[in-house]
Visitor: 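Quick one: the structure is below, and I'll ask about it shortly.
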Amino acid sequence: MKFNVSSKTLYNYVSAVSKIINAKNTMQILNNFLFILEDDTLIIKAADMENSLVGRLQVADAEGSGRFCLDARRIVELFKELPDQGIEFNINDENFEIEISYSNGRYNTVAINGMEYPDRIAPEAQGDSIEFTCTAQQALKGIENTLFAVGNDEIRPQMMGILWDVKPEGIVFVATDTRKLVRYTNNTNQPGVSCSFILPVKGAAVLKNVFSKEDDIKVRVNSTSVLFESPSFTFDCRLIKGNFPDYNRVIPQNNPYTLTVDRQSFLTSVRRVAVFGDEGGGLVKFNFAPDKVTLRASDNSFGTSGWESVPCSYDGPEMRMGFSSLYLIEILSTFGTSDVTFKIADPSRPALCLPSDNDTDCELLMILMPMNIAD
């Protein structure tokens with residue numbers, strides 16, 4: 001076998017595909033890329049025990065066809081350092097000796113027979129599949145707005161991923177760890193079908209990093225896995241089993257009081273005050289008044305305390321509530337608007353957090369549970 005390819009192009013593909021490989025694999029072969037040459041197309045595949053990722057790129061001056069495996073770490077590091085120019089692969093079909101050459105150098109290695117690479121790692125799909133198409137931006141925005149809220153409690157595995165609640169008119173992305181919940185609705189593209197699945201964190205991260213420059217993504221879902229496909233990549237991901245909690249039931253419907261505040265000023269104040277608070281729970285106490293919100297935090301173990309006030313617009317009675325600074329910082333950092341709105345009812349009920357305005361055909365809302373205040 002023989003082919004030529006741009007070093008920069010090949011690096012972009014192997015770098016993307018390598019994101020699926022685990023740091024430690026029980027099967028040594030999974031530390032390798034599988035390369036398949038078919039006509040003038042080079043297919044690069046990587047997998048873990050549950051997922052697989054395939055990239056496809058065009059090569060020049062291709063001769064022969066076949067498959068071989070190369071150590072993923074070594075290949076990524078090599079092409080990361082090569083200058084941007086054409087390189088040539090020469091593969092001996094009998095003993096799999098490989099010569100990689102370019103204008104200023106040559107590298108030799110021995111590949112593994114590609115027939116040793118398992119065709120499919122994850123269990124076969126079960127049941128009928130549902131297919132739809134979404135834009136890459138629709139999927140990526142859903143992941144970006146919800147990934148931080150995914151839970152990590154193995155007792156509740158259904159919360160260790162992002163729910164894709166697909167409806168004919170759009171997609172609702174939801175994540176929660178019981179302390180905070182995010183619901184992001186994106187109707188910029190209409191799937192035309194109804195289904196739901198829970199995408200694990202690793203799958204969401206791969207989709208976000210690898211498909212960011214794609215246009216449309218074809219999605220095929222069955223009872224055990226989901227397949228994302230674009231002209232350049234195919235990602236087969238094992239789903240999380242179980243039923244996601246009914247997220248609509250926990251969204252407050254009657255929080256009568258509204259507080260609006262400048263997002264950046266509020267965010268920086270929370271960060272500063274939290275420095276002098278308890279690092280364990282991250283409790284910050286908030287006093288809501290008609291024209292300002294006062295933030296207080298203290299740590300009796302070290303004798304530290306701090307407070308600040310931020311101008312706001314508030315239409316309710318004076319109220320005192322406690323929130324985790326860690327969660328609040330995550331929420332405020334996710335919003336992209338100049339102002340944020342909090343709808344509250346009383347110190348024991350969750351607060352509804354909203355951007356000052358939503359994009360057309362999109363809606364983002366978050367829920368934050370309060371913390372108890374011990375006087």
Visitor: Is the shortest side-chain heavy-atom distance between Met1 and Phe3 below 4.5 Å?
Guide: no

Visitor: Taking a hydrophobic cluster as the set of Ile, Leu, Val, Met, Phe, Trp and Tyr residues connected by side-chain heavy atoms closer than 4.5 Å, whether directly or through intermediates, do Leu181 and Val150 fall within one such cluster?
Guide: no

Visitor: Quick check on the hydrophobic clustering: are Met366 and Val261 connected, directly or via other members, by side-chain heavy-atom contacts under 4.5 Å?
Guide: yes

Visitor: Hydrophobic clustering (ILVMFWY, side-chain heavy atoms < 4.5 Å, transitive) - are Val193 and Val219 grouped together?
Guide: yes

Visitor: Mind checking who shares a hydrophobic cluster with Leu283, ILVMFWY linked at side-chain heavy-atom distances under 4.5 Å?
Guide: Met371

Visitor: What side-chain hydrogen bond (donor to acceptor under 3.5 Å, both in side chains) pairs are there with at least one residue in residues 353-374, not counting sequence neighbours?
Guide: Arg183-Glu363

Visitor: Could you note down all residue pairs passing ring pair (Phe, Tyr, Trp, His ring centres under 6.0 Å) where residues 133-167 supplies at least one of them, sequence neighbours left out?
Guide: Trp164-Phe173, Trp164-Phe197, Trp164-Phe228

Visitor: Decide yes or no for Leu42 and Val5: does some side-chain heavy atom of the first lie under 4.5 Å from some side-chain heavy atom of the second?
Guide: no

Visitor: Same hydrophobic cluster for Val201 and Leu239, using side-chain heavy-atom links shorter than 4.5 Å among ILVMFWY?
Guide: yes

Visitor: Can Ile329 and Leu267 be said to form a side chain to side chain contact (heavy atoms under 4.5 Å, CB included), step by step?
Guide: CA-CA 6 Å; Ile329 288 170; Leu267 173 60; 4.0 Å; yes

Visitor: Are the side chains of Lys202 and Asp48 in contact, using a 4.5 Å heavy-atom criterion?
Guide: yes

Visitor: If the plane angle is over 60° it's perpendicular, under 30° parallel, otherwise tilted; pick one for Phe35 and Phe89.
Guide: tilted

Visitor: Quick one: salt bridge (Lys or Arg N to Asp or Glu O under 4.0 Å) partners of Glu144, sequence neighbours excluded?
Guide: none

Visitor: Just grab all the side-chain hydrogen bond (donor to acceptor under 3.5 Å, both in side chains) pairs involving residues 207-220, residues at least two apart or on different chains.
Guide: Glu214-Ser230

Visitor: Going by side-chain hydrogen bond (donor to acceptor under 3.5 Å, both in side chains), name the pairs with one or both residues in residues 302-314, residues two or more places apart or in two chains.
Guide: Ser269-Glu308, Arg272-Glu308

Visitor: Do you know which two heavy atoms are closest between Asn254 and Ala345, and how far apart they sit?
Guide: O-CB, 4.2 Å

Visitor: My understanding is that only one of Phe335, Phe266, Phe288 makes a ring-ring contact (aromatic ring centres under 6.0 Å, His included) with Phe342; could you say which?
Guide: Phe266

Visitor: Do Val273 and Phe323 land in one hydrophobic cluster if side-chain heavy atoms of ILVMFWY residues count as linked below 4.5 Å?
Guide: yes

Visitor: Regarding Thr41 and Gln58, do their side chains bring together a donor and an acceptor under 3.5 Å, going by distance alone?
Guide: yes

